[in-house]
Amino acid sequence: MDVTDIDDDGGREYRSGEDHAYPDEKLNEILPELLDDPEVTAYLEAQNVNAVTRKGYNDHGPKHIEIVRNRALRLYDLLKAGGVEFNGASDQGLEEADEPVIVALAATLHDIGHIVHRDEHAYYSIPLAADLLDRFLPKFYDRADAVRMKAEVLHAILCHHTEEDPLTREAGVIRVADALDMERGRSRIPYEKGGRGINTLSSRAIDNVALEPGDSRPVLVEIEMVNAAGVYQVDNLLKAKLNNSMLEDYIRIVAVNTRAEDQLVERIEL
(Lines give C-alpha, C1' and ligand atoms only; values in the text may rest on other atoms or scores of the structure.)
Protein backbone atom coordinates (compact mmCIF):
# COMPACT_ATOMS: atom_id res chain seq x y z
CA MET A 1 0.00 0.00 0.00
CA ASP A 2 1.27 3.48 -0.86
CA VAL A 3 1.33 5.63 2.27
CA THR A 4 0.50 8.65 0.14
CA ASP A 5 -2.97 7.16 -0.36
CA ILE A 6 -3.88 7.24 3.32
CA ASP A 7 -6.31 10.00 4.31
CA ASP A 8 -8.03 10.76 7.59
CA ASP A 9 -10.95 12.60 5.93
CA GLY A 10 -9.54 15.85 7.23
CA GLY A 11 -6.93 16.46 4.55
CA ARG A 12 -4.10 15.90 7.03
CA GLU A 13 -2.71 12.58 5.82
CA TYR A 14 0.87 11.46 6.16
CA ARG A 15 2.61 11.85 2.80
CA SER A 16 5.90 10.05 2.37
CA GLY A 17 7.04 12.34 -0.43
CA GLU A 18 6.73 15.56 1.53
CA ASP A 19 9.49 17.23 3.50
CA HIS A 20 9.32 16.56 7.23
CA ALA A 21 11.03 18.08 10.24
CA TYR A 22 12.60 14.71 11.03
CA PRO A 23 14.44 11.96 9.14
CA ASP A 24 11.67 9.92 7.50
CA GLU A 25 13.47 7.28 5.44
CA LYS A 26 13.07 4.49 7.99
CA LEU A 27 9.40 5.34 8.57
CA ASN A 28 8.77 5.29 4.83
CA GLU A 29 10.40 1.87 4.64
CA ILE A 30 8.50 0.32 7.54
CA LEU A 31 5.03 1.88 7.39
CA PRO A 32 3.84 0.33 4.09
CA GLU A 33 4.75 -3.17 5.35
CA LEU A 34 2.93 -2.52 8.62
CA LEU A 35 -0.21 -1.45 6.79
CA ASP A 36 -0.08 -4.47 4.47
CA ASP A 37 0.50 -6.98 7.27
CA PRO A 38 -2.44 -9.46 7.32
CA GLU A 39 -2.28 -10.00 11.09
CA VAL A 40 -2.37 -6.27 11.78
CA THR A 41 -5.31 -5.88 9.40
CA ALA A 42 -7.20 -8.67 11.16
CA TYR A 43 -6.62 -7.10 14.57
CA LEU A 44 -7.86 -3.70 13.44
CA GLU A 45 -11.06 -5.21 12.10
CA ALA A 46 -11.66 -7.55 15.03
CA GLN A 47 -11.07 -4.93 17.72
CA ASN A 48 -14.17 -2.99 16.67
CA VAL A 49 -16.56 -5.83 17.53
CA ASN A 50 -16.46 -5.41 21.30
CA ALA A 51 -16.26 -1.61 21.11
CA VAL A 52 -19.01 -0.89 18.57
CA THR A 53 -21.08 -4.03 17.92
CA ARG A 54 -21.33 -5.21 21.52
CA LYS A 55 -20.85 -2.06 23.60
CA GLY A 56 -22.33 0.56 21.25
CA TYR A 57 -19.26 2.72 21.70
CA ASN A 58 -17.60 5.07 19.20
CA ASP A 59 -15.44 3.64 16.42
CA HIS A 60 -12.22 1.89 17.46
CA GLY A 61 -11.55 0.04 14.20
CA PRO A 62 -9.40 0.62 11.11
CA LYS A 63 -10.69 4.16 10.50
CA HIS A 64 -9.98 5.28 14.06
CA ILE A 65 -6.48 3.83 13.84
CA GLU A 66 -5.85 5.56 10.51
CA ILE A 67 -6.92 8.92 11.92
CA VAL A 68 -4.93 8.54 15.13
CA ARG A 69 -1.79 7.47 13.26
CA ASN A 70 -2.03 10.35 10.79
CA ARG A 71 -2.67 12.90 13.50
CA ALA A 72 0.07 11.46 15.70
CA LEU A 73 2.57 11.86 12.87
CA ARG A 74 1.26 15.35 12.11
CA LEU A 75 1.53 16.31 15.77
CA TYR A 76 5.03 14.84 15.99
CA ASP A 77 6.08 16.72 12.84
CA LEU A 78 4.81 20.06 14.17
CA LEU A 79 6.53 19.52 17.50
CA LYS A 80 9.82 18.66 15.80
CA ALA A 81 9.51 21.73 13.58
CA GLY A 82 9.02 23.75 16.75
CA GLY A 83 12.27 22.49 18.22
CA VAL A 84 10.76 20.08 20.77
CA GLU A 85 13.17 17.31 21.73
CA PHE A 86 11.95 13.72 22.09
CA ASN A 87 13.48 11.29 24.57
CA GLY A 88 12.03 7.83 23.96
CA ALA A 89 14.35 6.62 21.22
CA SER A 90 17.34 8.59 22.48
CA ASP A 91 17.08 7.22 26.04
CA GLN A 92 17.37 3.74 24.53
CA GLY A 93 20.38 4.64 22.37
CA LEU A 94 18.27 4.50 19.23
CA GLU A 95 18.36 6.99 16.35
CA GLU A 96 16.21 10.06 15.73
CA ALA A 97 14.83 8.23 12.68
CA ASP A 98 13.34 5.65 15.06
CA GLU A 99 11.12 8.23 16.79
CA PRO A 100 8.45 8.39 14.07
CA VAL A 101 8.55 4.60 13.75
CA ILE A 102 7.73 4.30 17.45
CA VAL A 103 4.89 6.78 16.96
CA ALA A 104 3.47 4.96 13.92
CA LEU A 105 3.71 1.48 15.48
CA ALA A 106 2.13 2.55 18.77
CA ALA A 107 -0.65 4.47 17.04
CA THR A 108 -1.46 1.44 14.89
CA LEU A 109 -1.49 -1.11 17.71
CA HIS A 110 -2.73 0.88 20.70
CA ASP A 111 -6.29 -0.46 20.67
CA ILE A 112 -5.83 -4.13 19.77
CA GLY A 113 -6.66 -5.11 23.37
CA HIS A 114 -10.29 -4.42 22.48
CA ILE A 115 -10.46 -7.95 21.08
CA VAL A 116 -10.38 -9.11 24.71
CA HIS A 117 -12.60 -6.41 26.24
CA ARG A 118 -13.24 -2.69 26.02
CA ASP A 119 -12.66 -2.32 29.76
CA GLU A 120 -8.94 -2.09 30.63
CA HIS A 121 -8.15 -2.60 26.96
CA ALA A 122 -4.78 -0.82 27.12
CA TYR A 123 -3.45 -3.52 29.44
CA TYR A 124 -4.67 -6.28 27.13
CA SER A 125 -3.00 -4.54 24.19
CA ILE A 126 0.44 -5.06 25.73
CA PRO A 127 0.87 -8.86 25.37
CA LEU A 128 -0.89 -8.88 22.01
CA ALA A 129 1.26 -6.10 20.60
CA ALA A 130 4.38 -7.66 22.12
CA ASP A 131 3.81 -10.89 20.19
CA LEU A 132 3.20 -9.01 16.97
CA LEU A 133 6.27 -6.80 17.45
CA ASP A 134 8.44 -9.87 18.14
CA ARG A 135 7.58 -11.05 14.64
CA PHE A 136 7.58 -7.71 12.85
CA LEU A 137 10.53 -5.71 14.22
CA PRO A 138 13.34 -8.20 13.38
CA LYS A 139 12.65 -7.50 9.70
CA PHE A 140 14.14 -4.04 10.23
CA TYR A 141 16.27 -4.15 13.40
CA ASP A 142 18.90 -6.38 14.96
CA ARG A 143 17.85 -8.25 18.09
CA ALA A 144 18.98 -5.65 20.64
CA ASP A 145 17.44 -2.69 18.84
CA ALA A 146 14.25 -4.66 18.22
CA VAL A 147 13.94 -5.12 21.99
CA ARG A 148 14.50 -1.41 22.57
CA MET A 149 11.95 -0.44 19.93
CA LYS A 150 9.48 -2.91 21.41
CA ALA A 151 9.96 -1.34 24.85
CA GLU A 152 9.19 2.15 23.59
CA VAL A 153 6.18 1.10 21.52
CA LEU A 154 4.67 -0.83 24.44
CA HIS A 155 5.22 2.10 26.79
CA ALA A 156 3.36 4.40 24.41
CA ILE A 157 0.53 1.90 23.99
CA LEU A 158 0.09 1.47 27.74
CA CYS A 159 0.00 5.19 28.49
CA HIS A 160 -2.63 6.09 25.91
CA HIS A 161 -5.59 5.24 28.16
CA THR A 162 -4.43 4.44 31.68
CA GLU A 163 -3.47 6.19 34.90
CA GLU A 164 0.21 5.65 34.08
CA ASP A 165 1.63 8.94 32.81
CA PRO A 166 3.85 8.99 29.71
CA LEU A 167 7.56 9.04 30.46
CA THR A 168 8.46 9.90 26.86
CA ARG A 169 7.20 12.51 24.44
CA GLU A 170 6.60 9.80 21.86
CA ALA A 171 4.11 8.27 24.31
CA GLY A 172 2.61 11.70 24.94
CA VAL A 173 1.97 12.10 21.23
CA ILE A 174 -0.03 8.86 21.17
CA ARG A 175 -2.01 9.85 24.25
CA VAL A 176 -3.00 13.22 22.76
CA ALA A 177 -3.55 11.98 19.20
CA ASP A 178 -5.98 9.34 20.45
CA ALA A 179 -8.18 12.12 21.85
CA LEU A 180 -7.91 14.14 18.63
CA ASP A 181 -10.15 11.65 16.81
CA MET A 182 -13.34 13.31 17.97
CA GLU A 183 -15.26 14.38 14.87
CA ARG A 184 -18.84 13.34 14.21
CA GLY A 185 -17.97 10.52 11.80
CA ARG A 186 -16.56 8.48 14.64
CA SER A 187 -19.97 8.21 16.31
CA ARG A 188 -22.01 7.49 13.19
CA ILE A 189 -22.68 3.79 13.83
CA PRO A 190 -23.70 3.99 17.52
CA TYR A 191 -25.79 7.12 16.77
CA GLU A 192 -27.65 5.39 13.93
CA LYS A 193 -28.32 2.47 16.28
CA GLY A 194 -29.96 4.82 18.76
CA GLY A 195 -27.00 5.47 21.04
CA ARG A 196 -27.38 8.77 22.88
CA GLY A 197 -24.62 8.52 25.47
CA ILE A 198 -22.35 11.46 26.21
CA ASN A 199 -19.48 10.08 24.09
CA THR A 200 -21.76 9.72 21.07
CA LEU A 201 -23.57 13.04 21.43
CA SER A 202 -20.42 15.03 22.17
CA SER A 203 -18.67 13.54 19.16
CA ARG A 204 -21.65 14.45 16.97
CA ALA A 205 -21.10 18.06 18.03
CA ILE A 206 -17.55 18.25 16.64
CA ASP A 207 -17.41 19.36 13.02
CA ASN A 208 -13.69 19.62 12.37
CA VAL A 209 -10.28 19.30 14.01
CA ALA A 210 -7.18 20.87 12.47
CA LEU A 211 -3.54 20.78 13.59
CA GLU A 212 -1.51 23.77 12.49
CA PRO A 213 1.74 25.53 13.43
CA GLY A 214 1.10 27.87 16.34
CA ASP A 215 2.36 31.35 17.15
CA SER A 216 2.93 31.14 20.89
CA ARG A 217 3.41 27.36 20.93
CA PRO A 218 4.59 24.87 18.28
CA VAL A 219 1.12 23.36 17.79
CA LEU A 220 -2.32 24.94 17.47
CA VAL A 221 -5.29 22.57 17.61
CA GLU A 222 -8.40 24.24 16.18
CA ILE A 223 -11.74 22.57 16.91
CA GLU A 224 -15.09 23.56 15.40
CA MET A 225 -18.17 22.68 17.45
CA VAL A 226 -21.80 22.98 16.35
CA ASN A 227 -23.27 22.88 19.84
CA ALA A 228 -22.24 22.91 23.48
CA ALA A 229 -22.17 19.13 23.79
CA GLY A 230 -18.75 19.23 22.16
CA VAL A 231 -17.38 20.68 25.39
CA TYR A 232 -17.23 17.13 26.79
CA GLN A 233 -14.85 16.01 24.05
CA VAL A 234 -12.63 19.05 24.55
CA ASP A 235 -12.66 19.59 28.30
CA ASN A 236 -13.17 16.08 29.66
CA LEU A 237 -11.34 13.92 27.13
CA LEU A 238 -8.75 15.98 25.26
CA LYS A 239 -7.79 18.13 28.26
CA ALA A 240 -7.46 15.03 30.45
CA LYS A 241 -5.11 13.38 27.97
CA LEU A 242 -3.06 16.52 27.45
CA ASN A 243 -2.48 16.81 31.21
CA ASN A 244 0.77 15.07 32.23
CA SER A 245 1.50 14.13 28.62
CA MET A 246 4.89 15.93 28.60
CA LEU A 247 3.40 18.10 25.84
CA GLU A 248 1.30 20.58 27.82
CA ASP A 249 3.69 23.46 27.20
CA TYR A 250 3.81 22.94 23.45
CA ILE A 251 0.14 22.64 22.42
CA ARG A 252 -2.54 25.33 22.36
CA ILE A 253 -6.14 24.21 21.93
CA VAL A 254 -8.90 26.52 20.74
CA ALA A 255 -12.48 25.24 20.36
CA VAL A 256 -15.14 27.53 18.86
CA ASN A 257 -18.91 27.07 18.69
CA THR A 258 -19.77 27.97 15.10
CA ARG A 259 -23.57 27.96 15.52
CA ALA A 260 -24.79 31.45 16.33
CA GLU A 261 -28.12 30.16 17.69
CA ASP A 262 -26.38 28.02 20.32
CA GLN A 263 -24.02 30.23 22.29
CA LEU A 264 -24.20 28.51 25.68
CA VAL A 265 -20.49 27.94 25.10
CA GLU A 266 -18.87 30.21 22.53
CA ARG A 267 -15.18 29.40 22.96
CA ILE A 268 -12.84 27.21 24.98
CA GLU A 269 -9.10 27.71 25.10
CA LEU A 270 -6.60 25.35 26.77
Can we say [X] and [Y] salt-bridge, meaning some charged N sits less than 4.0 Å from an Asp/Glu carboxylate O?
X      : Y      : answer
Arg217 : Asp249 : no
Arg135 : Asp37  : yes
Glu99  : Lys80  : yes
Glu29  : Lys26  : no
Arg148 : Asp145 : yes
Arg74  : Glu212 : yes

Tell me if a side-chain donor or acceptor on [X] pairs with a main-chain N or O of [Y] at a distance below 3.5 Å.
X      : Y      : answer
Arg71  : Leu180 : yes
Glu170 : Ala89  : yes
Arg175 : Ser245 : no
Glu248 : Asn244 : yes
Asp77  : Ala21  : yes
Asp24  : Pro100 : no
Arg143 : Pro138 : no
Asn48  : Asp59  : no

Qualifying residues under ring-ring contact (aromatic ring centres under 6.0 Å, His included), relative to Phe140, sequence neighbours excluded | Phe136
Go through the structure and list residues passing ring-ring contact (aromatic ring centres under 6.0 Å, His included) with His20, not counting sequence neighbours.
-> Tyr14, Tyr22
When rounded to the nearest 0.5 angstrom, what is the spacing between [atom1] in [X] and [atom2] in [Y]?
X      : Y      : atom1 : atom2 : result
Leu35  : Leu44  : CG    : CG    : 9.0 Å
Asp131 : Asp134 : CG    : CG    : 6.5 Å
Thr168 : Ile102 : OG1   : CD1   : 7.5 Å
Asp178 : Arg69  : CG    : CZ    : 13.0 Å
Leu27  : Ser16  : CG    : OG    : 9.0 Å
Leu94  : Glu152 : CG    : CD    : 7.5 Å

Check whether the side chains of His114 and Asn50 place a donor and an acceptor atom closer than 3.5 Å, and report yes or no.
-> no
Under 3.5 Å, is there a donor-acceptor pair between the Asp111 and His160 side chains?
-> yes
Are [X] and [Y] packed together at the side-chain level, in the sense that at least one heavy-atom pair is separated by less than 4.5 angstrom?
X      : Y      : answer
Val209 : Met182 : yes
Ile223 : Val254 : no
Ile30  : Lys139 : no
Val256 : Glu224 : no
Asp98  : Met149 : yes
Glu39  : Leu132 : yes
His161 : Lys241 : yes
Leu73  : Val173 : no

In one Ile/Leu/Val/Met/Phe/Trp/Tyr side-chain cluster, 4.5 Å: [X], [Y]:
X      : Y      : result
Tyr123 : Val153 : yes
Val101 : Leu34  : yes
Leu137 : Ile126 : yes
Val68  : Ile115 : no

Could you go step by step and tell me if Val221 and Arg252 meet the side chain to side chain contact (heavy atoms under 4.5 Å, CB included) rule?
-> CA-CA 6 Å; Val221 178; Arg252 179 183 173 215; over 6 Å; no
Heavy atoms of other groups near Glu95 CD, more than 12 under 6.0 Å | no
For Asp215, look at atom CG and say whether over 12 heavy atoms of other residues, nucleotides or ligands are found less than 6.0 Å away.
-> no
On a heavy-atom basis, which atom in [X] and which in [Y] lie closest, and how many Å separate them?
X      : Y      : value
Leu79  : Phe86  : CD1-CZ, 3.8 Å
Ala129 : Leu154 : CB-CD2, 3.9 Å
Asn87  : Arg169 : OD1-N, 3.0 Å
Gln92  : Ala151 : NE2-CB, 3.9 Å
Pro218 : Gly82  : CB-CA, 4.0 Å

Starting from the C-alpha separation in whole Å, work towards a yes-or-no answer on side chain to side chain contact (heavy atoms under 4.5 Å, CB included) for Ile253 and Leu238.
-> CA-CA 9 Å; Ile253 298 169; Leu238 179 54; 3.5 Å; yes
Does the pair Leu220 and Leu211 meet the rule for a side chain to side chain contact (heavy atoms under 4.5 Å, CB included), with working shown?
-> CA-CA 6 Å; Leu220 172 63; Leu211 281 70; over 6 Å; no
Just one of Val116, Ile157, Leu109 clears the side chain to side chain contact (heavy atoms under 4.5 Å, CB included) bar with Leu128, so which one?
-> Val116
Please walk me through it: do Tyr250 and Val219 pass side chain to side chain contact (heavy atoms under 4.5 Å, CB included)?
-> CA-CA 6 Å; Tyr250 307 114; Val219 181; 5.7 Å; no
Would you list the pairs meeting ring pair (Phe, Tyr, Trp, His ring centres under 6.0 Å) in which at least one residue belongs to residues 27-51, sequence neighbours left out?
-> none
Can the ring centres of His110 and His121 be said to be less than 6.0 Å apart?
-> no
